[in-house]
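Residue numbers begin at 1 in each chain, while the letters A, B, ... track the order of the sequences.
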Amino acid sequence: MPELPEVEVTRLSFAHRIEGAVIAHAQMGKPLRWPLGCQSDVLHGQTVNAVRRRGKYLLIDLSAGLLLVHLGMSGSISFAKDLPSPGKHDHFDLLTSRGTLRLNDPRRFGAVVFALSEQDMPAQKLLGHLGIEPLGNDFELAEFCTRLKLKKAAIKQVLLAGEVVVGVGNIYASEALFLAGIRPTTAASSLSRPRMARLHCAIRQVLTQAVAKGGSTLKDFSNADGQAGYFQLEAMVYGRAGLPCKVCASPIKNIRQGQRSTFYCQKCQKC
DNA sequence: CACGGATCCTGATGGC
DNA sequence: TGCCATCAGGATCCGT
């Protein structure tokens with residue numbers, strides 16, 4: 001999936017164009033991860049007020065409720081006036097006065113869910129446990145450290161879980177840990193304060209850069225205009241198993257943590 | 001109750 | 001060419 005940067009780039013690419021649009025209706029394809037949770041006539045006539053992001057969720061504010069959109073592992077969104085009729089992997093179309101918002105998601109781990117408000121179910125169920133926004137003002141070092149101290153699992157898995165900080169996925173977790181010089185297997189709670197501070201900084205840095213570059217780390221990512229991601233921001237460690245570290249030339253290691261691959265440099269990331 | 005593992009689904013890739 | 005195994009950006013649920 002798109003990690004936070006790709007979701008944010010997607011949001012930026014269509015938010016301003018869809019705001020103010022009036023919804024005609026929604027068309028569903030194959031079932032996604034969760035059901036929409038409302039009848040199509042609930043959406044009819046509603047106005048799109050804004051498009052926000054929380055973690056990897058897009059929140060589409062409507063005049064009476066909101067849509068929570070998640071891209072899962074393989075989802076992407078397009079928004080255009082004239083889209084061709086839905087293809088094999090187009091599973092949600094929102095037809096509006098300004099154009100059609102379409103979710104294409106081959107693996108269908110993504111979802112579109114309606115809720116009456118952010119405090120209501122099912123929004124609360126999806127958003128309630130989420131950690132701090134890494135690019136917002138609330139991402140303070142003290143709070144980050146306090147939360148890490150409570151987690152005894154490996155730091156890589158703590159980052160992925162999203163209960164401390166949201167938006168860091170499998171690629172950027174490896175990248176941030178490399179930048180911070182931290183071994184992915186180290187227990188989160190055992191990190192010293194200075195190392196937590198380096199990680200705090202690294203997370204912000206890696207995500208900010210990725211957003212600025214257009215979410216370029218993803219192979220097949222494209223924003224809502226259909227512009228492809230272009231691998232501008234090259235990974236330091238992700239996907240580079242066996243290749244020389246760009247800093248010290250020692251071969252990059254690839255291990256598995258919780259069924260996900262992790263990449264690190266054993267020399268640059270000693271503990 | 002915090003953690004590890006299985007799980008949802010489709011497509012791409014590589015070995016034989 | 002086909003067949004099979006493995007892997008892929010996520011996050012929930014279930015058992016220990």
Exercise. May I ask you to decide if the ring planes of A:Y57 and A:H70 are parallel, tilted or perpendicular, using 30° and 60° as cut-offs?
Key: perpendicular
Self-check item: Distance in angstrom units between A:L150 CG and B:dC1 P, rounded
Solution: 13 Å
Quiz item: C:dC7 C1' sits how many Å from A:I255 CD1, rounded?
Solution: 17 Å
Quiz item: What does nucleotides 6-13 of chain B look like as a protein-contact string, B for base, S for sugar-phosphate only, - for none, at under 4.0 angstrom between heavy atoms?
Solution: B-BBBS--
Quiz item: Think A:S74 has a side-chain N or O under 4.0 angstrom from the OP1 or OP2 of C:dA8?
Solution: no
Quiz item: Now, which nucleotide makes the Watson-Crick or G-U wobble pair with C:dC7, with each of the two distances under 3.5 Å?
Solution: B:dG11
Quiz item: In terms of side-chain heavy atoms of A:A153, which of C:dG10, C:dT12, B:dG4 is nearest?
Solution: B:dG4
Quiz item: Between A:K125 and C:dC13, is there a side-chain N or O to OP1/OP2 distance below 4.0 Å?
Solution: yes
Quiz item: A:Q257 has an atom CD; how far is it from atom C1' of C:dG10, in whole Å?
Solution: 16 Å
Exercise. Could you tell me whether A:H91 contacts a base, only the sugar-phosphate backbone, or nothing, with contacts defined as non-hydrogen atoms closer than 4.0 Å?
Key: nothing
Quiz item: At under 4.0 Å, does any side-chain N or O of A:K152 touch on OP1 or OP2 of B:dC3?
Solution: no
Practice problem: Please state how far atom CG in A:L58 lies from atom P in C:dG10, giving the value in whole angstrom units. | Solution: 15 Å
Quiz item: Hey, which of A:V48, A:T47, A:T96 is the one that makes side-chain contact (heavy atoms from CB on, under 4.5 Å) with A:V22?
Solution: A:T47
Self-check item: Rounded interatomic separation in angstrom, taking CD1 from A:I155 and P from B:dA2
Solution: 16 Å
Practice problem: Quick one: sort the A:F144 and A:H200 rings into parallel, tilted or perpendicular, breaks at 30° and 60°. | Solution: tilted
Quiz item: When you check the side-chain N and O atoms of A:T262 and A:K156, is any donor under 3.5 Å from an acceptor?
Solution: yes
Quiz prompt | Nearest-angstrom distance from the residue atom CD of A:E3 to P of C:dG10 | solution = 5 Å
Quiz item: Taking OP1 and OP2 of C:dG10, is either one under 4.0 Å from a side-chain nitrogen or oxygen of A:R260?
Solution: yes
Quiz item: If the P atom of B:dC9 is compared with that of C:dC14, how far apart are they to the nearest Å?
Solution: 16 Å
Quiz item: Just to confirm, is there a sub-4.0 Å distance from OP1 or OP2 of C:dG10 to any side-chain nitrogen or oxygen of A:H70?
Solution: no
Quiz item: Expressed in angstrom and rounded to an integer, what is the separation of A:N254 atom CG from C:dC7 atom C1'?
Solution: 11 Å
Self-check item: Lys/Arg N to Asp/Glu carboxylate O, A:E234 vs A:K246, below 4.0 Å
Solution: yes
Practice problem: Examine distances only and state if a side-chain atom of A:Q119 and a backbone atom of A:Q124 form a donor-acceptor pair shorter than 3.5 Å. | Solution: no
Exercise. Starting at atom CD of A:E163, determine the distance to atom P of C:dG10, rounded to an integer number of angstrom.
Key: 15 Å
Quiz prompt | SB check A:R54 A:E133 (cutoff 4.0 Å) | solution = yes
Exercise. Before accepting this row, confirm whether a basic side-chain N of the pair A:E118/A:R52 lies closer than 4.0 Å to the acidic partner's carboxylate O.
Key: yes
Quiz item: If you find the nucleotide of DNA chain C closest to A:L130 and the one closest to A:R256, which residue's nucleotide is nearer the 5' end?
Solution: A:R256
